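Naming: A, B, ... by sequence-line order, numbering from 1 per chain. Hydrogens, waters and symmetry mates are skipped; everything else that's a heavy atom, side chains included, is used. Given the structure is predicted, the values throughout are model-derived calculations rather than measurements.
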Amino acid sequence: MNADKKAKIVIIGGGPAGLSAAAAANEAGAAAGDILILERDNVLGGILNQCIHNGFGLHTFKEELTGPEYAARFVSTVQERGIPYLLNTIVVDISVDGDGSKVVSAMNRTDGFFTVRADAVILAMGCRERPRGALNIPGYRPAGIYTAGTAQRFVNIEGRMPGHEVVILGSGDIGLIMARRMTLEGAKVKVVAELMPYSGGLKRNIVQCLDDFGIPLKLSHTVTDIRGRERVEAVTIAEVGPDRKPVPGTEETYTCDTLLLSCGLIPENELSSQLGVELSRVTSGPVVNESLETSVPGVFACGNVLHVHDLVDYVSEEAANAGRNAAGYVEGNGSEGKPEEDGTPVQVIAKDGVRYTVPSSIRIGRMNDLQLIRFRVGAVYRDASIAIDFNDTVVRTQKKRILAPGEMEQVILKKEDLQKFEGLKTITIRVDTSEAKKQ
Amino acid sequence: MSRITELTCIRCPIGCQITVTQDDDGKVTEIKGNSCPRGYEYAGSEVTNPVRTVTSTVHVEGGVLPVTSVKTKGDIPKGRIFDCMQAINAASVKAPAAIGDVVIRDVCGLGVDVIVTRAVAKA
Ligand SMILES: Cc1cc2nc3c(=O)[nH]c(=O)nc-3n(C[C@H](O)[C@H](O)[C@H](O)COP(=O)(O)OP(=O)(O)OC[C@H]3O[C@@H](n4cnc5c(N)ncnc54)[C@H](O)[C@@H]3O)c2cc1C
Ligand code: SF4
């Protein structure tokens, strides 16, 4: 296949993940001119441009930045390094050619449809909000129902308020952030209803966005009715039982003109699945090894497209890793190098309350001296432990005061420990509640 | 009798659970559970003088964007958030605006400036 452009590393998405991957690939030896970032929006920075609240970058820059400020730092790094990028350019397809090179098809106004041949591709497309269709709320579909992220864009980028009396369904971070944002702009946020018995948002957002303003959070509640034909007029919420079905008699009706939905994010992986990348059923993101390489050699993934992050600092760190590994891959120490030296990959297994791990396999020969494993748990645990098993042997337990689905957890593995363990096949990460029960 | 307050540190998204013990006079006698000095500082001030950073948007005159984002350059007392918002809503900036440009000097006499957090080019 003839391609219109050539690059060694093509990065899809110019959000924090794509920008950090580009800078790190360049730092690791890939020439700036051999890298190309493709971004469908008219600016770099991704979702951060609309996240005007602060709290970003404490771990990366040791100061608390707002989303746009955090993005600006990475944008300047990319610009200073002279890494090329194309804006208003949407990637529509990625395929693998016979020689293992990748062909990325994209479109924009100036070039029309074009293809780029690349040795390596980094997936950094971020995630999108769960659409309201998936929520199954009965009744009409009047105006005034938005996803929280859409409302965030209205208020923070376009400068207009979607409404003045608000009910929020779902306690994801964007919903919490928007509860505060709309309150500050003079709206009355009446209630946040969450289907689950715990919030999917960060604790700090519950404190800072709801508690500070006396906005009630009703756990185990859902919307059962939306009133209004043209525009939302009232919303009824009810408590749900353990079966997550509304309990009759618990209904409460709130008059409002706006209903915001904050029901979670899903990695944006249409391109990845078309390419044949194996996706995790838990995260909807690609299954990756220690190098953040997907099941398609030379295709790496990082940021929210891999698994939904709540901390952009972790996104940047993870993406830098993917960038370095992609640089290494194009330098010729790629995965088709000498697989025998890498040994059989050790499988990383999520068990007993741990929902998934990233990565899900480790080639010991390729891992760094320290390997970070990130994961999420499926429920709230108090005073439990995170246990790590090598094959069937418990090698470490780590006490945790609190584990919650809203908070990403991590453990760090040492290469020497993996090397020392004879016949290592599986590493299991699990929640150990035996101590918790004893208390 | 000492008073114990359980709070969630909001200085960074990790959200450590911090326990603060105060004596009868409100003097902080012990702070536990923080993972870094910022948390220690936060917990101490949260029980005596709670503060927040305010982030919002202001209108832009003649820019490529209708609004741009701003923040208080430092923390302000939690009780003054809405006063500060009133001042922010009355303010605007002229394009071009750069990150760090001062929109309101010494907002509400709190000794803190409101600054631009997103650059806007001229239309
Ligand atoms: C509302 C909200 C609040 C948050 N609050 C915080 C917080 O307080 N603190 C914190 O640390 N973190 C926070 N985060 C997390 C952090 O912002 C995200 O984790 C981070 O932005 C993810 O980066 P990303 O690059 O993976 O994705 P994005 O920022 O989503 O970037 C992906 C980019 O890829 C582009 N793209 C997608 N598909 C294509 C395609 N086919 N072709 C070309 N380009 C494409 C998109 O346009 C986008 O620019 C928040 C996130 C959200 C959504
Ligand atoms: S104590 Fe430190 S690490 Fe913990 S939440 Fe506060 S700032 Fe973050």
Side-chain angles (χ1 to χ4, degrees), chain A residues 42-43 45 48-59 62-73 75-76 154-161 173 177 180-181 183-186 201-209 211-213 309-314 382 401-402 404 406-408, chain B residues 6-19 32-33 35-39 42 46 50-60 63-75 77-79 81-86 88-89 92 97-100 115-121:
Chain A
N42 59 5
V43 285
L48 289 185
N49 287 311
Q50 69 182 62
C51 300
I52 65 161
H53 55 282
N54 64 319
F56 299 82
L58 191 61
H59 292 257
K62 305 287 171 242
E63 63 179 302
E64 212 172 325
L65 300 174
T66 63
E69 291 172 302
Y70 186 93
R73 299 215 175 174
V75 172
S76 357
F154 280 169
V155 181
N156 294 345
I157 308 268
E158 295 167 24
R160 54 198 175 97
M161 283 283 279
D173 286 312
I177 296 279
R180 174 179 61 187
R181 183 74 187 107
T183 304
L184 288 180
E185 290 294 349
L202 293 170
K203 275 175 288 188
R204 75 182 303 245
N205 284 336
I206 294 173
V207 174
Q208 235 177 352
C209 301
D211 298 354
D212 270 9
F213 301 98
H309 295 65
D310 8 67
L311 262 180
V312 74
D313 302 71
Y314 292 166
R382 281 176 205 282
R401 284 179 72 183
I402 185 141
E407 320 272 335
M408 194 181 279
Chain B
E6 291 271 351
L7 45 91
T8 308
C9 178
I10 59 169
R11 277 292 161 187
C12 93
I14 289 177
C16 294
Q17 292 290 326
I18 305 180
T19 312
K32 279 193 312 199
S35 310
C36 79
R38 283 175 70 95
Y42 168 76
E46 186 67 9
V51 292
R52 297 289 184 267
T53 296
V54 175
T55 61
S56 187
T57 50
V58 295
H59 284 276
V60 181
V64 292
L65 297 166
V67 296
T68 194
S69 51
V70 298
K71 70 173 180 186
T72 52
K73 202 176 172 185
D75 289 334
K78 191 171 141 185
I81 292 177
F82 282 97
D83 295 340
C84 179
M85 274 305 292
Q86 228 171 8
I88 290 174
N89 282 338
S92 65
I99 290 180
I115 59 167
V116 170
T117 56
R118 183 177 184 194
V120 194

Any donor-acceptor N or O pair under 3.5 Å, side chains B/T8, A/Q208 | no
Test item: side-chain donor near acceptor, B/T57 and A/R181, under 3.5 Å = yes
Looking only at B/M85, B/H59, B/K78, most heavy-atom pairs under 4.5 Å shared with chain A are made by B/M85
If you measure from [atom1] on [X] to [atom2] on [Y], what distance do you get to the nearest 0.5 Å?
X      : Y      : atom1 : atom2 : result
B/L65  : A/N156 : CG    : CG    : 12.0 Å
A/I177 : B/T55  : CD1   : OG1   : 8.0 Å
B/C84  : A/L184 : SG    : CG    : 9.0 Å
A/I52  : B/R118 : CD1   : CZ    : 10.5 Å
B/I81  : A/D212 : CD1   : CG    : 5.5 Å
B/Q17  : A/R382 : CD    : CZ    : 7.5 Å

In terms of heavy-atom proximity below 4.5 Å to chain B, should [X] be classed as side chain, backbone, both, or neither?
X      : result
A/N49  : both
A/F213 : side chain
A/V312 : neither

Might you work through the salt bridge (charged side-chain N to carboxylate O under 4.0 Å, His left out) test for B/R38 and A/E64, ending with a clear yes or no?
-> CA-CA 11 Å; B/R38 283 175 70 95; A/E64 212 172 325; 3.0 Å; yes
Considering all heavy atoms of both residues, which atom of B/P66 and which atom of A/I157 are nearest to each other, and what is their separation?
-> CG-O, 3.5 Å
Quick one: do A/H53 and B/K71 satisfy side-chain contact (heavy atoms from CB on, under 4.5 Å)? Show the steps, please.
-> CA-CA 8 Å; A/H53 55 282; B/K71 70 173 180 186; over 6 Å; no
